[in-house]
Number of protein chains: 2
Amino acid sequence: MNAKDDAQRRVLELLWKDARRPARGPRRGLTMERIVAAAIRIAETEGLAALSMRRVAVELGVGTASLYTYLPGKAELEALMADSIGADDPLPDDWPGDWRAKLEAWARNDHEGYRKHPWVLQLVATVAAPGPNLLRWMDSALRVLEGTGLTEAEKMAVVESVDAYVRGQARLSLDTRELSADEVRERDAALGELVDFRPYPALVATVRAGVSPYAGDQFEFGLRLLLDGVETLIASKRASTS
Amino acid sequence: MNAKDDAQRRVLELLWKDARRPARGPRRGLTMERIVAAAIRIAETEGLAALSMRRVAVELGVGTASLYTYLPGKAELEALMADSIGADDPLPDDWPGDWRAKLEAWARNDHEGYRKHPWVLQLVATVAAPGPNLLRWMDSALRVLEGTGLTEAEKMAVVESVDAYVRGQARLSLDTRELSADEVRERDAALGELVDFRPYPALVATVRAGVSPYAGDQFEFGLRLLLDGVETLIASKRASTS
DNA sequence: CAAAAACTTCGAACACTGTTCGTACAACTC
DNA sequence: GAGTTGTACGAACAGTGTTCGAAGTTTTTG
């Protein structure tokens with residue numbers, strides 16, 4: 001599949017090479033940065049569904065077709081958007097404290113980031129074509145675990161597991177968060193009318209105890225569980241080598 | 001927002017009420033089940049991007065507009081698709097063994113399910129409007145943790161955390177899994193040409209050790225960490241009450 | 001038994017989408 | 001100044017979800 005290879009390569013070049021101005025031809029009116037910034041602004045304020053090439057062009061005051069002289073297509077724009085978020089956030093290893101404090105801090109920070117910028121979770125691909133920010137982040141995240149006695153493979157596994165957990169929680173709570181409190185009430189009222197709950201006694205017992213499913217307030221709890229697991233692993237490693 | 005409330009209600013009615021044939025009018029040529037099955041078949045074989053109302057109509061041999069007499073729109077179709085997957089899978093509490101064996105089994109089963117049916121992860125909403133299958137699943141998952149001494153809130157938190165982790169891992173590995181081995185090689189070759197890796201020493205060290213980032217092979221590792229955390233919690237609960 | 005009511009079907013159209021093509025224009029090199 | 005190379009972008013194409021209205025089908029009513 002040569003076409004796909006080429007597309008792959010083009011994205012990477014866009015992510016890593018900064019465009020040098022060619023010898024001939026008129027001056028370019030736009031920059032990559034401005035295009036990506038405009039696209040993010042739209043996704044942020046109007047949602048990812050409202051992001052279209054035409055809309056971006058309007059935002060920048062240019063014709064739609066002009067964008068295609070900067071970018072091969074919308075997929076590439078999204079790849080650039082994905083890499084550019086979190087560029088201003090502190091890196092994992094820059095947080096204070098020991099490895100656990102750092103892991104906790106960046107997990108919380110990322111989780112908060114995904115809640116504030118939910119469109120990132122809706123992008124189709126976010127790690128397929130790694131950009132500068134992803135590599136910087138990954139490098140820093142691995143450094144957090146230096147000196148813990150974990151092997152390289154274990155470090156990577158820990159980083160990816162926490163990352164997966166953070167994204168997963170953010171994704172789950174996104175569904176519910178898009179509904180207002182009133183809408184949740186309305187939904188539950190409708191459910192009460194439509195559904196016979198007798199087949200779900202365990203669920204009813206939990207809800208009766210005041211717990212609502214997928215409310216998006218379970219992040220800290222699961223994070224502690226996961227980090228407890230990491231701590232156990234590190235402790236056992238230390239015990240066996242000393 | 002009355003419109004959104006109405007939409008919400010309509011989805012729930014579609015999920016829970018089975019359509020009764022109205023008094024007058026010609027017999028209906030299709031059923032909800034057939035429509036949803038056709039849509040899933042398309043998503044499965046051609047990907048979610050290929051799923052269009054027109055494509056579904058062709059698959060069923062009807063006119064496109066006819067679908068709208070069964071469904072208000074595509075969003076509702078996707079909600080029905082989301083709820084219908086996993087209908088044939090074993091329920092969490094039906095797996096053999098103790099709570100840990102059961103948690104492990106359904107986590108693995110779901111993870112495998114998401115890898116086989118990646119389109120589920122790309123649907124915009126999957127838990128906002130709960131259908132029969134989601135509630136059955138949730139009820140069974142909560143039952144797994146009965147007799148562990150956990151509070152209702154803790155049970156829900158454990159279930160959601162594991163669910164979040166499973167989905168997060170599946171989502172991360174999806175990006176990489178869409179690339180073939182050749183494409184990954186091609187990508188890494190392109191990266192090697194384009195990127196100066198000196199700013200990322202920790203990452204380089206890990207990759208040199210034979211570990212590749214986001215390869216999608218870290219699921220078991222993180223699951224163990226998470227369940228170790230749950231086990232610690234349950235043990236501490238038991239110790240304090242006895 | 002015919003007429004009316006209620007419902008289903010679906011071709012055509014509308015407003016959108018991403019993307020391509022061809023033309024008009026601008027800035028540099030020779 | 002001529003030629004080359006690249007930019008800008010209006011217009012068009014094929015696709016999308018959805019709506020409308022006319023035509024057809026079944027059941028109930030008068």
Side-chain angles (χ1 to χ4, degrees), chain A residues 3-4 6-7 10-11 13-14 17 19-32 34-36 38-39 42-43 46-81 119 122-125, chain B residues 3-4 6-7 10-11 14 19-32 34-36 38-39 42-43 46-81 119 122-125:
Chain A
K4 209 171 174 184
D6 283 2
R10 233 169 340 175
V11 184
E13 285 182 2
L14 284 171
K17 265 191 184 166
R20 251 191 317 284
R21 195 166 167 287
R24 271 162 255 221
R27 240 148 284 200
R28 315 208 75 180
L30 262 47
T31 61
M32 215 54 176
R34 282 192 58 205
I35 297 175
V36 174
I42 293 164
E46 305 168 35
L48 195 68
L51 181 77
S52 72
M53 298 302 268
R54 273 171 246 263
R55 182 74 191 75
V56 173
V58 168
E59 182 86 1
L60 293 165
V62 300
T64 309
S66 306
L67 294 176
Y68 287 86
T69 60
Y70 295 84
L71 290 155
K74 200 190 182 188
E76 285 77 10
L77 175 57
E78 292 185 347
L80 291 171
M81 291 170 71
W119 55 270
Q122 293 159 1
L123 291 176
V124 277
Chain B
K4 209 172 174 184
D6 282 3
R10 233 167 342 176
V11 183
L14 284 171
R20 249 192 317 285
R21 193 166 170 284
R24 270 163 255 219
R27 241 147 283 203
R28 314 207 77 179
L30 262 48
T31 61
M32 213 57 174
R34 282 193 59 204
I35 297 175
V36 174
I42 293 163
E46 305 168 36
L48 196 66
L51 181 75
S52 71
M53 298 303 270
R54 273 171 247 264
R55 182 73 192 75
V56 174
V58 168
E59 182 86 3
L60 292 166
V62 300
T64 310
S66 305
L67 295 176
Y68 287 87
T69 59
Y70 296 83
L71 290 157
K74 202 189 182 188
E76 286 77 10
L77 175 57
E78 291 185 348
L80 290 171
M81 291 170 70
W119 55 271
Q122 292 160 1
L123 290 177
V124 277

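The chains referred to below are lettered A, B, ... by the order of the sequence lines, with proteins before strands, and numbering in each begins at 1.
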Note: B/I42 and B/A50 closest approach over all heavy atoms is CG2-O, 4.0 Å
Would you mind telling me which residue lines up with the more 5' stretch of DNA chain C, A/T64 or B/G61, judged by nearest nucleotide?
B/G61
Nucleotide D/dG15, atom C1' - distance to NZ of A/K74 in whole Å:
14 Å
Can you find a donor-acceptor pair, distance only, under 3.5 Å between B/R54 side chain and D/dG17 base?
yes
Looking at every strand, decide which applies to A/L67 at a 4.0 Å heavy-atom threshold: base, sugar-phosphate, or nothing.
nothing
Contact state string [nucleotides 21-28 of chain C, B base, S sugar-phosphate only, - no protein heavy atom under 4.0 Å]
-----BBB
Comparing nearest nucleotides in DNA chain D, the 5'-proximal residue of the pair A/V62, B/R55 is A/V62
Choosing from C/dC10, D/dA8, C/dT19, which nucleotide comes nearest the side chain of B/S66?
C/dC10
Send over the distance from A/Y68 OH to C/dT17 P, rounded to a whole Å.
11 Å
Please report, rounded to the nearest Å, how far the C1' atom of D/dA11 is from the CE atom of A/M53.
17 Å
Is there a donor-acceptor pair under 3.5 Å between the side chain of A/E76 and the backbone N or O of A/G73?
yes
OP1 or OP2 of D/dA8 less than 4.0 angstrom from a side-chain nitrogen or oxygen of A/T69, does that happen here?
yes
Nearest heavy-atom contact between B/R34 and B/G29 is NH1-O, 3.8 Å
Tell me if the side-chain of A/R28 makes a donor-acceptor pair with the base of D/dG6, cut-off 3.5 Å, by modelled atom types.
no
Whole-Å distance, B/L48 CG to D/dG17 P, equals 11 Å
Between CG of B/L51 and P of D/dG15 the distance, given in whole Å, is 16 Å
Compare every heavy atom of B/R28 with every heavy atom of B/T69, then report the nearest pair and how far apart it is.
O-NH2, 2.9 Å
Do B/L80 and B/I35 make a side-chain contact, defined as non-hydrogen atoms from C-beta onward lying under 4.5 Å apart?
no
Determine whether a donor-acceptor pair (N or O, by modelled atom type, separation under 3.5 Å) exists between the side chain of B/Y70 and the backbone of B/L30.
yes
Checking all strands, does B/L77 fall into the base, sugar-phosphate, or nothing category for heavy-atom contacts under 4.0 angstrom?
nothing
Between A/Y70 and B/A75, the residue closer to the 5' end of DNA chain D by nearest nucleotide is A/Y70
Protein-nucleotide distance (B/L30, atom CG; C/dC7, atom C1'), rounded to Å
15 Å
Round to the nearest Å and state the distance from A/L71 atom CG to C/dT19 atom P.
10 Å
Please report the closest heavy-atom contact between A/L77 and A/M53, naming both atoms and the distance.
CD2-SD, 4.3 Å
